[in-house]
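Below is one structure; the comments refer to it alone.
Throughout, a chain's letter reflects where its sequence line sits, starting with A, and its residues are numbered from 1.
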Number of protein chains: 2
Amino acid sequence: MDYKSKKVIGMGVVTDLTGLSERQVRYYEEKGLVLPERTKGGSRKYSFHDVERLIEVATKLEDGWRIQDIKERERRLSTKQRDDMIRGQLNSAFRTFPTKK
Amino acid sequence: MDYKSKKVIGMGVVTDLTGLSERQVRYYEEKGLVLPERTKGGSRKYSFHDVERLIEVATKLEDGWRIQDIKERERRLSTKQRDDMIRGQLNSAFRTFPTKK
DNA sequence: CGTGTAAGGAATTCTGACACG
DNA sequence: CGTGTAAGGAATTCTGACACG
């Protein structure tokens, strides 16, 4: 695992880095948009990747998105990505599988 | 600044990552071998680079080095590096400056 | 010299709840 | 729905000191 994915950042640094409040950060977690790890004592630990994710979420909210919208869109995207993967696999298996157009 | 150099890691994670005690980590700082940043409240914050540095220091201590030895050696190394830099600059200024051999 | 430990305090983070719009 | 806030507690980290070898 690389530096970007290692969950080592505490709440204080996260609020500094993102400009968000603790409340916001915890709420986005409650809604399943970020998944920090926990220390034995229960403190949240985030990765740099999580920090970027939080900023992305906050930006979309400012743009008028709702949290449900964000989750919805991403669910669909990952579904499409799965479809593309399967299509790719079929493609190499049978060189005749029809792709779009 | 990249992820590796950003000082965002608290003491707890540092001891987890290095296997060192808080005492050791603070002592190496006292001796000038690592230079964490501080939060407003006074908590130390380390980078991934610092973490690797701490492991390196601890390893050398296990190998019988003394902290002063470690600092001494590095002082000399950086002096040599400075010499090399200056030699390089002179080299490009006067293509005749004698390099070793 | 390098490290352990007990002591007491200050800073940090957590949860659950009430509030607002 | 997304966020602020006051409340109380638990976990975290800090400093200075004494101890050992």
Side-chain angles (χ1 to χ4, degrees), chain A residues 6-48 50-76, chain B residues 6-48 50-76:
Chain A
K6 212 143 178 37
K7 312 243 177 184
V8 297
I9 308 178
M11 179 59 83
V13 173
V14 166
T15 56
D16 282 354
L17 256 32
T18 61
L20 302 175
S21 66
E22 295 191 9
R23 186 68 166 93
Q24 288 174 301
V25 175
R26 296 204 191 97
Y27 187 66
Y28 301 163
E29 172 185 1
E30 187 182 321
K31 293 308 172 183
L33 294 174
V34 276
L35 301 170
E37 291 182 355
R38 298 275 186 151
T39 64
K40 319 78 205 162
S43 296
R44 274 165 266 248
K45 292 301 170 188
Y46 300 83
S47 65
F48 281 110
D50 290 333
V51 169
E52 294 182 3
R53 166 62 163 167
L54 285 166
I55 293 175
E56 182 202 335
V57 168
T59 302
K60 291 199 171 174
L61 284 175
E62 286 172 6
D63 290 348
W65 292 65
R66 286 175 318 159
I67 288 187
Q68 265 311 317
D69 294 337
I70 299 176
K71 297 190 67 175
E72 255 317 284
R73 172 179 157 285
E74 291 175 356
R75 190 187 58 70
R76 276 196 288 270
Chain B
K6 212 143 177 41
K7 312 242 177 183
V8 298
I9 307 179
M11 180 58 83
V13 173
V14 167
T15 56
D16 282 354
L17 256 33
T18 62
L20 302 175
S21 66
E22 294 190 9
R23 186 69 166 91
Q24 289 174 301
V25 174
R26 296 204 191 97
Y27 186 66
Y28 302 162
E29 171 184 2
E30 187 182 321
K31 295 306 173 183
L33 294 175
V34 276
L35 302 169
E37 292 181 355
R38 298 275 186 151
T39 63
K40 318 79 205 163
S43 297
R44 274 165 265 249
K45 291 301 170 187
Y46 300 84
S47 65
F48 282 109
D50 290 333
V51 168
E52 295 181 3
R53 167 62 163 167
L54 285 166
I55 292 175
E56 183 202 334
V57 169
T59 301
K60 290 198 172 174
L61 285 175
E62 287 171 7
D63 290 349
W65 292 65
R66 285 175 319 158
I67 288 185
Q68 264 312 316
D69 295 336
I70 299 175
K71 297 191 66 174
E72 255 318 285
R73 171 180 156 286
E74 291 176 356
R75 190 188 58 70
R76 275 195 289 270

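In this entry the distance linking NZ of Lys31(A) with P of dT3(D) reads 11 Å, nearest Å. With rounding to whole Å, Lys60(A) atom NZ is found 14 Å from dG2(D) atom P. With rounding to whole Å, Met11(B) atom CE is found 12 Å from dT15(D) atom C1'. The distance from atom NZ of Lys71(A) to atom P of dG2(D) is 11 Å, rounded to the nearest whole Å. Separating the OH atom of Tyr28(A) from the P atom of dG4(D) is a distance of 8 Å, rounded to the nearest angstrom. In this structure, CD of Glu29(B) is placed 12 Å from P of dG16(D), rounded to the nearest angstrom. Distance CG (Leu54(A)) to P (dT3(D)): 11 Å, rounded to an integer number of Å. Regarding Glu62(A), its CD atom lies at a distance of 13 Å from the C1' atom of dT3(D), rounded to whole Å.
Sequence order on DNA chain D of the closest nucleotides to Arg26(B) and Leu61(A) puts Leu61(A) first from the 5' end. Two residues, Tyr46(B) and Arg66(A), neighbour DNA chain D, and the one matched to the more 5' nucleotide by heavy-atom proximity is Arg66(A).
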Check nucleotides 6-9 of chain C against the protein and report each pair of N or O atoms closer than 3.5 Å, with its distance, or say if there are none.
none

Report each atom pair, protein N/O against N/O of nucleotides 18-20 of chain C, whose distance is under 3.5 angstrom.
none

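Between Tyr27(B) and the phosphate of dG2(C), there is a side-chain N or O to OP1/OP2 separation shorter than 4.0 Å. Ser43(A) has no side-chain polar atom (N or O) that falls below the 4.0 Å cut-off from OP1 or OP2 of dC14(C). The phosphate of dT3(C) has neither OP1 nor OP2 within less than 4.0 Å of any side-chain N or O from Ser21(B).
One finds the CZ atom of Arg44(A) at 4.0 Å from the CZ atom of Arg38(A) (value rounded to the nearest 0.5 Å). With values rounded to the nearest 0.5 angstrom, Leu54(A) atom CG is found 6.5 Å from Tyr46(A) atom OH. One finds the CD atom of Gln68(A) at 10.0 Å from the CZ atom of Arg75(A) (value rounded to the nearest 0.5 Å). Distance check, rounded to the nearest 0.5 Å: CG of Asp69(B) to CG of Leu61(B) gives 9.5 Å.
With sequence neighbours left out, the salt bridge (Lys or Arg N to Asp or Glu O under 4.0 Å) criterion links Glu22(B) to Arg26(B). Checked against salt bridge (Lys or Arg N to Asp or Glu O under 4.0 Å), Lys6(B) has no partners two or more places apart in sequence or in another chain. Shown here are the side-chain hydrogen bond (donor to acceptor under 3.5 Å, both in side chains) partners of Ser43(B), two or more places apart in sequence or in another chain: there are none.
When all heavy atoms of Val34(A) and Asp50(A) are compared, the closest pair comes out as CG1-O, 4.1 Å. Scanning both residues, Lys7(B) and Leu35(B), for their nearest heavy atoms gives NZ-O, 2.7 Å.
Between the side chain of Lys71(A) and the backbone N or O of Lys31(A) there is at least one donor-acceptor pair closer than 3.5 Å.
Glu74(B) has a carboxylate O that lies under 4.0 Å from a charged side-chain N of Arg53(B), or vice versa, which qualifies the two as a salt bridge.
Secondary structure note: stems in DNA chain C built from 3 or more consecutive Watson-Crick or G-U wobble pairs under 3.5 Å occupy C:1-5 with D:17-21, C:17-21 with D:1-5.
Nearest to the side-chain atoms of Arg44(B) among the listed nucleotides dC14(D), dG2(C), dT15(C) stands dC14(D).
For the pair Glu52(A)/Glu56(A), no side-chain contact is recorded, criterion being any heavy-atom separation below 4.5 Å from C-beta on.
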